[in-house]
Chemist: 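Pasting a structure below so you can have a look.
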Amino acid sequence: MVFVGGKLIRPPGALVLILLLLTHRQASADGGLFDNFISQLMTTAATAQNYLEDAYDQRQGRGTEPPLPPPSSDSLSPVLIPVGHIDLADQPTTPPTTTTFSAGTSTTTTSTTTHGTRAPLPFWNPFVWLRPKEPSIPYNPDTDLSTPEIAVRHGYQAESHTLKTADGYLLTLHRLPCGRIGCPAQGGKGTGQPVFLQHGLLSSSADWLLSGPEKALAFILADAGYDVWLGNARGNTYSRKHVSFSSDETAFWDFSWHEMAMYDIPAEIDYLYSIRAQERNDTTRNLLYVGHSMGTTMIFALLASRPEYNERLEAVFALAPVAFMGHVKSPIRLLAPFSHDIEMILKFFGGNEFMPQNKIIRYLAKYGCELTEAEKYICENTVFVLCGFDKEQYNATLMPVIFGHTPAGTSTKTVVHYAQEIHNEGNFQLFDYGESENQRRYGRASPPGYNLENISTPIALFYANNDWLAGPMDVANLFNQLHRTSIGMFKIPNDNFNHVDFLWGNDAPEVVYKQLLMLMQRYKVLLKSVIKNMSNANVASYLAEQKKTTDKDLAAEWTVLEELYNEKLWNELTIKLDAFVKHPALQNEEALLALYHNFIASFETKINPYGLVEILTVVISFLSDKKEAIAFLEKLKDKVKICDQAVWMCKVLQGQIHLEHLNQLDETKKIIEDLKDILEEAGNVTPVHGKYYMLAANYYRLVGQHSDYYRCGLQFLGCSIDTYPKDQWAQQAFCLGLAALLGEGIYNIGELLAHPILESLNGTDNEWLVELLRAFNSGDIVKFEQMKPKWSSIADLAAQEVKLRQKISLLCLMEMTFKRPANKRTITFDEIAKEAKLPIKEVEILIMKALAQGLVKGAIDEVAGVVNMTWVQPRVLDRKQVAGMATTLDTWMSSITSMEQLIESRASEILTN
């Protein structure tokens, strides 16, 4: 079916067959059969179009248009700037080449020509849908310019470097050594801290510039004074050469993002440092790495497999990080079942390039996606179909530029590697070659996972809720795997923000790049000053004094801290300090404050913000003046404000002090209410959640709000049960059990009964409470009455006997409804009175209460003295209730089988009549 004049028509079957055959033929490097077919089709359409237009004009009594003037010499043409060239034969002895692009080296002017007009063709013209319309979006020259040409056009100096990887690929590395104000104004070329930007799947270095000055991250960083380097992975537009293979050969495309990680990134990092050493004699290892999508996958794989590169990076900033892929929403998941079927992959995607640049992409870009309604739909969705789509962030005027540079090409194997991860439960692992080849390559039948324990570089994870490739749950899994090496998780405050919005979203500069620059500033190398020298001297003096202790083990601990400090291994130092502050010799206010003021304070802005808060939690707990502790935490919040989780943790600690030491209930309540919505909208469970729910539960228990205490207590168990001390389980279980019975609106008691914490009451004086909870959950009033001697010994329960009786009566009604089949839920008042042990006159009131609270749905027939139940509130079921449901399902299946047999036996009779 195709669109013609706004309607769908069915093309001839032969044409469909030709199109299908051609689209499954792989294009050659210089334009394949499919491209030639499209070109010929367009030529034919244009010829027929002209003929129809002239004939139509003549019939309407119009003349033809005057001939168009020849193209002006001043008409717009692409700016061509030669790039460095490498003779492959001389590659081993030829040094890497560099081409410099400077603003003002070339000038272009544009001229406009007014064309004649003619009446629009009638809607039935069969070639209207193929005719390019006048673009409503102005042509943007960036569409057809290379990365350095785009930079030059906007007034930036740019460089193009060519380098060779250890396995022979020739990569192009682009560079913006300074901002738009010029290198002299910034103190010279490359004076800023280096930052490396690595693109994602099917992309190139151009992605970081397409939004233009003040919006594109590369330009923003250059203007901020950074020395910006832009990588290009093998196989994309700028890195399609090899010393031995042509890009037409299958061997050239035998790589995935694993090879990019093992060869491309190391070669680019090493080259970057060598150039800076040549230019400025700068040997500082202070590179900041910013990756998007596959660019993050590559750096995670590199740092996990080659730990020595942790020492060559100051920090990593991961935008839409992709590692674990257990919760992917993208249609790429549909490839997962076929990721091990090599024949299928080769048949549909080819054994070489997955998605090369072609004339169709260029054609769409040239005309601003304005060909037809069908093609407009493609333009608005194709780029986003793998990544998610956010209409609010969509910039229509930028789309032709994006289509001019994306997709930039990659290997089929790269996409298959991602599909394999999805197929293998989302594991972050090496490529799966099949059992036999895996055994040869890895020494095992299945591919090994990447060992993230090897990563020690500080890493910040930026994620969005609407990201189809890097969803919140997978990013949270990655965060947990990285342990303390993660600077933190930073959620984009826009629920519709998606995978590509990190690059081209309208709000990206405000909601992503602004916070990113704040984080990067923490790792910016500062010039040495008298103050810093004095600080270092004070630290050295303090550590030297501490090492004089007679405790040899403690002296050894101080020595390790000194070594980590001198080597600036901030992550290792954070981990070490977290354990060290709990050393018996330091468990007093004076020692811990001295440790903070003389040592930790000198580098507190350089370590993981959340890790800093956890370390200082111990220090704060020993402060005798609790109001001083509150003030200390207030200052700490300002120091760690770049990390949401660290700020939340500070507030929770303040709440604990208000509640447990100062008895300031109003202040505690305010903190709980302020954090409630924030944590619920966080998108994933963080280490702060468990501590928050414990704070809230303790507050609600103290003020007697049983329902809120029960809910927060359960949420706490769901977050922190593994770290909760076992000797406190029984007390917590008892309190939660009482809250379940006394709490208003608590009818889902099965949730607590299913939790292992109740087992801690076995063998204790309170073991009866579990049995009572089971009686309530099943609405067993007889059991409730039998256990009265036990539960009435608890003053709170005895005082609420009437409410307890009402609650179990409601649960009894719910259980009666639940046990009955859906077609037999008409219950008489007499049956309810007997089961609930109520006078008949109170039954209708009981039913009305259940209906009002949304526990059941139905209609009361007062005349007949029955209630027709249609629904009962879902609850967590115990084993007995599950068994009852299984029986109900068996009965239902038997009824279906009987009906099926009846239809089969009566089919002929029904059909003949």
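No experiment lies behind these values; they were computed from the predicted model shown.
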Chemist: Only counting residues at least two apart or in another chain, list the ones meeting salt bridge (Lys or Arg N to Asp or Glu O under 4.0 Å) with Asp507.
Modeler: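 Counting only residues at least two positions away or on another chain, Asp507 forms no salt bridge (Lys or Arg N to Asp or Glu O under 4.0 Å).
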Chemist: Would you check, one step at a time, whether the test side chain to side chain contact (heavy atoms under 4.5 Å, CB included) holds for Ile459 with Phe300?
Modeler: CA-CA 10 Å; Ile459 297 176; Phe300 297 146; 4.0 Å; yes
Chemist: Side chain to side chain contact (heavy atoms under 4.5 Å, CB included) with Glu572: which residues, sequence neighbours excluded?
Modeler: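 Expected list: Ser456, Leu564, Leu569.
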Chemist: Step by step, work out the ring pair (Phe, Tyr, Trp, His ring centres under 6.0 Å) result for Tyr263 and Phe255.
Modeler: CA-CA 11 Å; Tyr263 299 107; Phe255 62 81; over 10 Å; no
Chemist: Before giving the answer on salt bridge (Lys or Arg N to Asp or Glu O under 4.0 Å), spell out for Glu604 and Lys639 the whole-Å C-alpha distance, their side-chain angles and the decisive distance to 0.1 Å.
Modeler: CA-CA 8 Å; Glu604 61 184 352; Lys639 295 176 182 177; 3.0 Å; yes
Chemist: Measure from the side-chain N and O atoms of Asn395 to the backbone N and O of Trp504, and report whether any donor-acceptor pair falls under 3.5 Å.
Modeler: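 Judged by distance alone, no pair lies under 3.5 Å.
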Chemist: Treating Asp474 as the side-chain partner and His327 as the backbone partner, does any N or O pair qualify as donor plus acceptor under 3.5 Å?
Modeler: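 Confirmed, Asp474 side chain pairs with His327 backbone.
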Chemist: Can you tell me how far apart CD1 (Ile402) and CG (Asp142) are? Round to the nearest 0.5 Å.
Modeler: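 These two atoms lie 11.5 Å from each other.
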Chemist: With sequence neighbours excluded, give me every salt bridge (charged side-chain N to carboxylate O under 4.0 Å, His left out) pair touching residues 217-227.
Modeler: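 Every salt bridge (charged side-chain N to carboxylate O under 4.0 Å, His left out) pair that includes a residue of residues 217-227, provided the two are not neighbours, is Arg175-Asp227, Asp227-Arg276.
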Chemist: Please check if the side chain of Tyr450 supplies one atom and the backbone of Ser305 the other of a donor-acceptor pair under 3.5 Å.
Modeler: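 Checked: no pair found.
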Chemist: Quick check: closest heavy atoms across Glu268 and Leu173, and the distance to 0.1 Å?
Modeler: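 What the structure gives for the nearest pair is OE2-CD1, 3.9 Å.
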Chemist: Between Ser293 and His499, which heavy-atom pair has the shortest distance, and what is it?
Modeler: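 Between these two residues, the closest heavy atoms are OG-NE2, 2.8 Å.
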Chemist: Is it the case that more than 12 heavy atoms not belonging to Tyr309 sit under 6.0 Å from its OH atom?
Modeler: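 Counting neighbours around OH of Tyr309, more than 12 heavy atoms of other residues, nucleotides or ligands fall under 6.0 Å, so yes.
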Chemist: Looking at Asn236 and Ser239, would you say the former's side chain and the latter's main chain have a donor-acceptor pair under 3.5 Å?
Modeler: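 Between the backbone of Ser239 and the side chain of Asn236 there is a qualifying donor-acceptor contact (under 3.5 Å).
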Chemist: Which atoms form the tightest heavy-atom contact between Phe716 and Gly690, and what is the distance?
Modeler: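 What the structure gives for the nearest pair is CD1-O, 3.1 Å.
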Chemist: Mark yes or no for whether Tyr693, through its side chain, and Arg711, through its backbone, hold a donor-acceptor pair below 3.5 Å.
Modeler: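 No; judged by distance alone, with no hydrogens or angles, the pair does not exist.
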Chemist: Please name all residues satisfying side-chain hydrogen bond (donor to acceptor under 3.5 Å, both in side chains) with Ser205, sequence neighbours left out, ordered by chain then number.
Modeler: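 Only Thr147, His174, Asn232 meet the side-chain hydrogen bond (donor to acceptor under 3.5 Å, both in side chains) criterion with Ser205.
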Chemist: Return the CG to CD1 distance between Asn571 and Ile455, rounded to the nearest 0.5 Å.
Modeler: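 The CG atom of Asn571 sits 11.0 Å away from the CD1 atom of Ile455.
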Chemist: Quick one: closest heavy-atom pair of Leu202 and Thr406, and the distance?
Modeler: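 Looking at all heavy atoms of both residues, the closest pair is O-CG2, 3.6 Å.
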Chemist: Heavy atoms, side chains only, cut-off 4.5 Å: are Gln481 and Glu453 in contact?
Modeler: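 Not in contact.
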Chemist: Atom CD of Gln393 and atom CG of Asn466: how far apart are they, to the nearest 0.5 Å?
Modeler: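 If we round to the nearest 0.5 Å, Gln393:CD and Asn466:CG are 10.5 Å apart.
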Chemist: How close do Thr143 and Pro400 get, counting heavy atoms only, and between which atoms?
Modeler: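 Heavy-atom minimum between the residues: CG2-O, 3.5 Å.
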Chemist: Report the distance from atom OG1 of Thr297 to atom CZ of Phe428, rounding to the nearest 0.5 Å.
Modeler: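 Interatomic distance, Thr297 OG1 to Phe428 CZ, rounded to 0.5 Å: 6.0 Å.
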Chemist: Would you say the side-chain atoms of Asn427 pair up with the backbone N or O of Gln429, donor to acceptor, closer than 3.5 Å?
Modeler: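 No.
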Chemist: Listed by chain and number, what are the side-chain hydrogen bond (donor to acceptor under 3.5 Å, both in side chains) partners of His292, not counting sequence neighbours?
Modeler: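 With sequence neighbours excluded, His292 shows a side-chain hydrogen bond (donor to acceptor under 3.5 Å, both in side chains) to no residue whatsoever.
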Chemist: Do Phe462 and Leu516 come close enough that some side-chain heavy atom pair is under 4.5 Å?
Modeler: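 SC-SC contact between Phe462 and Leu516 confirmed.
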Chemist: Backbone N or O of Ser146 within a donor-acceptor pair of the Glu149 side chain at under 3.5 Å?
Modeler: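 Here the side-chain-to-backbone pair exists.
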Chemist: Counting only heavy atoms not in Lys215, do more than 12 fall under 6.0 Å of its NZ?
Modeler: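 Incorrect, the count does not exceed 12.
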Chemist: From the options Phe317, Phe196, Trp229, select the one residue that forms a ring pair (Phe, Tyr, Trp, His ring centres under 6.0 Å) with Tyr289.
Modeler: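 It is Phe196; the other options fail the test.
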Chemist: Which atoms form the tightest heavy-atom contact between Ile642 and Gln515, and what is the distance?
Modeler: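 Smallest interatomic distance, heavy atoms only, reads O-NE2, 3.5 Å.
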Chemist: Could you tell me whether the side chain of Ile487 reaches within less than 4.5 Å of the side chain of Pro609, counting heavy atoms only?
Modeler: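 Contact flag for Pro609/Ile487 side chains = yes.
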Chemist: Under 4.5 Å between any side-chain heavy atoms of Arg234 and Trp257, yes or no?
Modeler: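 No. Closest side-chain heavy atoms not under 4.5 Å.
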Chemist: Could you check whether any side-chain N or O of Glu353 sits under 3.5 Å from a backbone N or O of Trp253, counting only pairs where one atom can act as donor and the other as acceptor?
Modeler: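 Pair absent, no side-chain N/O of Glu353 close to backbone of Trp253.
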Chemist: When you measure from the side chain of Asp207 to the backbone of Ser203, do you find a donor-acceptor pair of N or O atoms at a distance under 3.5 Å?
Modeler: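 Such a contact is absent between Asp207 side chain and Ser203 backbone.
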Chemist: Is the ring centre of Phe603 less than 6.0 Å from the ring centre of Trp570?
Modeler: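 Centroid separation for Phe603 and Trp570: below 6.0 Å.
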Chemist: Please work out whether the ring planes of Phe431 and His417 are parallel, tilted or perpendicular, with thresholds of 30° and 60°.
Modeler: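 Phe431 vs His417 ring planes: perpendicular.
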Chemist: Stepwise, does the side chain to side chain donor-acceptor pair (under 3.5 Å) test hold for Asp644 with Tyr610?
Modeler: CA-CA 9 Å; Asp644 290 340; Tyr610 185 79; over 6 Å; no
Chemist: Do we see a donor-acceptor contact under 3.5 Å between the side chains of His423 and Asp432?
Modeler: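 Distance-only check fails for His423 and Asp432.
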Chemist: Can we call the ring centroids of Phe219 and Tyr156 under 6.0 Å apart?
Modeler: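 So the answer is yes for these two rings.
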Chemist: Can you tell if the side chain of Met260 reaches within under 4.5 Å of the side chain of Thr410, non-hydrogen atoms only?
Modeler: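 The answer is yes; the side chains approach within 4.5 Å.
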Chemist: Would you say Asn465's side chain and Asp495's backbone share a donor-acceptor pair under 3.5 angstrom?
Modeler: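 No, because the side chain of Asn465 does not come within donor-acceptor range (under 3.5 Å) of the backbone of Asp495.
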Chemist: For Phe497 and Phe502, take the angle between the two ring planes, folded into 0 to 90°, and tell me which bin it lands in: parallel under 30, tilted 30 to 60, perpendicular over 60.
Modeler: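 Phe497 vs Phe502 ring planes: perpendicular.
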Chemist: Lys691: what forms a salt bridge (Lys or Arg N to Asp or Glu O under 4.0 Å) with it, not counting sequence neighbours?
Modeler: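 So Lys691 forms no salt bridge (Lys or Arg N to Asp or Glu O under 4.0 Å) with any residue.
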Chemist: Excluding sequence neighbours, so at least two apart, what forms disulfide bond (SG atoms under 2.5 Å apart) with Cys643?
Modeler: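 Checked Cys643 against disulfide bond (SG atoms under 2.5 Å apart); zero matches.
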Chemist: Roughly how far, to the nearest 0.5 Å, is CE of Met518 from CZ of Phe490?
Modeler: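 Going from CZ on Phe490 over to CE on Met518, the span is 9.5 Å.
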Chemist: Gln654: what forms a side-chain hydrogen bond (donor to acceptor under 3.5 Å, both in side chains) with it, not counting sequence neighbours?
Modeler: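 Gln654 satisfies side-chain hydrogen bond (donor to acceptor under 3.5 Å, both in side chains) with Glu634, Lys637 once adjacent residues are dropped.
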Chemist: Can you name the side-chain hydrogen bond (donor to acceptor under 3.5 Å, both in side chains) partners of Thr172, sequence neighbours left out?
Modeler: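 Not a single residue meets the side-chain hydrogen bond (donor to acceptor under 3.5 Å, both in side chains) criterion with Thr172.
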Chemist: Which residues pass the salt bridge (Lys or Arg N to Asp or Glu O under 4.0 Å) test with Glu311, not counting sequence neighbours?
Modeler: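 Expected list: none.
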Chemist: Got a salt bridge between Asp638 and Lys641, using NZ or NE/NH1/NH2 to carboxylate O under 4.0 Å?
Modeler: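 Salt bridge between Asp638 and Lys641, a charged N being under 4.0 Å from a carboxylate O: yes.
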Chemist: Enumerate, atom names and distances included, each donor-acceptor pair closer than 3.5 Å involving a side-chain atom of residues 673-684, sequence neighbours excluded.
Modeler:
from, atom 1, to, atom 2, distance (Å)
Asp674, OD2, Lys670, NZ, 2.9
Asn684, OD1, Tyr463, OH, 3.0

Chemist: Roughly how far apart are Asp501 CG and Ile492 CD1, rounded to 0.5 Å?
Modeler: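 With rounding to 0.5 Å, CG (Asp501) is 9.5 Å from CD1 (Ile492).
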Chemist: Would you please name every residue forming a salt bridge (Lys or Arg N to Asp or Glu O under 4.0 Å) with Arg285, sequence neighbours left out?
Modeler: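 Counting only residues at least two positions away or on another chain, Arg285 forms no salt bridge (Lys or Arg N to Asp or Glu O under 4.0 Å).
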